[in-house]
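Data first, discussion second: the structure below is written as structure tokens.
Sequential numbering from 1 along the given sequence is applied to the chain's residues. None of these values were measured; they are calculated from a predicted model. Hydrogens, waters and symmetry mates are skipped; everything else that's a heavy atom, side chains included, is used.
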Amino acid sequence: MNRNLARIFTFVALTAAIGLSSLSFAGDTSVLRPPKGSKVALLVFEDMQCPDCARAAPLLHEAAKKYNIPLVQYDFPLPMHNWSFDAAVNARCFDTKSKQLGDEYRLYIFQNQPQITKSNLRGMTERFAEQNKVTFPFVVDPNGELAAKVRADFQLGQRVGIEHTPTIYVVSDTTRGTPFIEVVDRSQLYQLIEQVQKEAGESPSTKTASTKPTSAKKSSKPQ
């Protein structure tokens, strides 16, 4: 079988396996808004097995802390990755204990990504749980509720038109102009946050707002 055709079949089969009914992109950007009560936020659609997502994650957390704005993480596990969906479900499991613990698990997976395989993911996750003195259940998602949330994020990304990970936005609640900007060049992240804050009427709450990000890389296609 032609190699490209085989890849297409694999992509379709894996997509069906996680319950996705459509591969079309509708371009619905109405969801690109900050959480209620926030004027500005960072949004990212990420895949926990994506190397570029691992590179971007520390920068996004750093920026959210620096500017005191929310970081909203959407799961977008790419079908060609064989353990990212399971990792996303695990993260949702830790979210049920605390959002901070869920975020720390995601960063832990990103930091250890090169060593993780589908067969050792559970062992790595149990190690994280032990280090944080929590119990990781033998059956992670007995009712399928956590997996449904991951699928819902993916389907949301499809509606937005996400084509690669990470896809990063700075979003605002402004009703004037475009309420979001995609971050294509991550070296411009801080500048874009300040720009959106200014347009939204929010003053940057940082002492060194003009400092450039330390992890300056462009968003790339999935690897």
Side-chain angles (χ1 to χ4, degrees), residues 14 17-20 35 41-157 162 164-168 183 186 189 213-215 217 219-220 222-223:
L14 288 173
I18 62 173
L20 305 175
L42 279 172
L43 267 62
V44 59
F45 288 86
E46 62 188 7
D47 173 307
M48 294 173 70
Q49 199 173 344
C50 163
D52 200 35
C53 292
R55 288 188 287 269
L59 171 63
L60 297 179
H61 283 270
E62 175 188 310
K65 182 177 180 180
K66 180 182 182 69
Y67 289 95
N68 193 28
I69 58 177
L71 171 60
V72 182
Q73 298 161 276
Y74 288 107
D75 293 311
F76 200 77
L78 299 169
M80 68 279 290
H81 288 155
N82 66 348
W83 56 259
S84 60
F85 187 89
D86 292 340
V89 171
N90 292 346
R92 295 280 180 163
C93 178
F94 289 113
D95 283 342
T96 64
K97 300 180 185 300
S98 77
K99 182 181 183 303
Q100 179 179 348
L101 189 62
D103 287 348
E104 288 175 358
Y105 175 74
R106 290 175 175 87
L107 287 172
Y108 169 84
I109 292 298
F110 282 137
Q111 290 164 1
N112 292 279
Q113 190 187 74
Q115 289 77 46
I116 296 175
T117 65
K118 187 172 179 63
S119 61
N120 73 10
L121 174 63
R122 179 167 182 99
M124 296 289 289
T125 302
E126 289 174 341
R127 183 183 306 172
F128 170 84
E130 183 179 351
Q131 290 170 354
N132 287 274
K133 297 179 172 56
V134 296
T135 301
F136 185 61
F138 179 73
V139 180
V140 181
D141 187 22
N143 300 318
E145 295 175 359
L146 303 179
K149 290 180 178 180
V150 174
R151 293 189 187 99
D153 272 11
F154 191 101
Q155 291 165 346
L156 180 67
I162 302 304
H164 62 85
T165 58
T167 298
I168 303 163
V183 181
R186 295 200 291 268
L189 177 61
T214 55
S215 302
K217 286 184 178 289
S219 293
S220 65
Q223 300 182 30

| Can you check side-chain contact (heavy atoms from CB on, under 4.5 Å) on Phe128 and Leu101, steps first, answer last? | CA-CA 10 Å; Phe128 170 84; Leu101 189 62; 3.7 Å; yes

| said: Assess the residue pair Gln73 and Asp153 against the criterion (side chain to side chain donor-acceptor pair (under 3.5 Å)); give the C-alpha distance rounded to whole Å, side-chain angles, the decisive distance to 0.1 Å, and a yes or no. | reply: CA-CA 9 Å; Gln73 298 161 276; Asp153 272 11; over 6 Å; no

| task | Any chance you could lay out the side-chain contact (heavy atoms from CB on, under 4.5 Å) test for Thr165 and His81, step after step, and finish with the verdict? | result | CA-CA 12 Å; Thr165 58; His81 288 155; 5.7 Å; no

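Residue pairs meeting the salt bridge (Lys or Arg N to Asp or Glu O under 4.0 Å) criterion with at least one partner in residues 127-140, sequence neighbours excluded, are absent. Residue pairs meeting the side chain to side chain donor-acceptor pair (under 3.5 Å) criterion with at least one member in residues 103-112, sequence neighbours excluded: Asn90-Tyr105, Asp95-Arg106, Lys99-Asp103, Gln100-Glu104, Tyr105-Thr125. Listed by first and then second residue, the salt bridge (Lys or Arg N to Asp or Glu O under 4.0 Å) pairs involving residues 69-91 are Asp75-Arg92, Asp86-Lys118 (not counting sequence neighbours).
Nearest heavy-atom pair across Pro35 and Val72 is CG-CG2, 3.7 Å. The two residues Ile168 and Leu42 have their closest heavy-atom pair at CG2-CD2, 4.5 Å. Phe110 approaches Ala54 most closely through the heavy-atom pair CD2-CA, 3.5 Å. Closest non-hydrogen pair, Pro137 versus Val140, comes out as O-CG2, 3.9 Å. Of all the heavy atoms in Ala57 and Leu107, the pair that sits closest is CB-CD2, 4.0 Å. Among all heavy-atom pairs drawn from Thr117 and Trp83, the shortest one is C-CD1, 3.7 Å.
Contact of the Tyr67 side chain with the Leu189 side chain is not registered, since no non-hydrogen atoms from C-beta on lie closer than 4.5 Å. Between Asp52 and Pro166 the shortest side-chain heavy-atom distance falls below 4.5 Å.
With Glu46 contributing its side chain and Cys53 its backbone, the two residues share no donor-acceptor pair below 3.5 Å. Judged by distance alone, the side chain of Asp47 and the main-chain N or O of Leu78 form a donor-acceptor pair under 3.5 Å. Without hydrogens or angle criteria, Gln49 side chain to Pro77 main chain gives no donor-acceptor distance under 3.5 Å.
Scored by the salt bridge (charged side-chain N to carboxylate O under 4.0 Å, His left out) test, Arg122 finds Glu126 as partners (sequence neighbours excluded). Annotation: salt bridge (charged side-chain N to carboxylate O under 4.0 Å, His left out) contacts of Lys97 (sequence neighbours excluded): none. Scored by the side-chain hydrogen bond (donor to acceptor under 3.5 Å, both in side chains) test, Thr135 finds no partners at all (sequence neighbours excluded).
Note that CD1 of Ile69 and CG of Leu71 are 8.0 Å apart. Values are rounded to the nearest 0.5 Å.
Side-chain rings of Phe85 and Phe154 stay apart, their centers remaining 6.0 Å or farther from each other.
Under the side-chain contact (heavy atoms from CB on, under 4.5 Å) rule, Thr167 has a single partner from Leu43, Val44, Ile162, which is Ile162.
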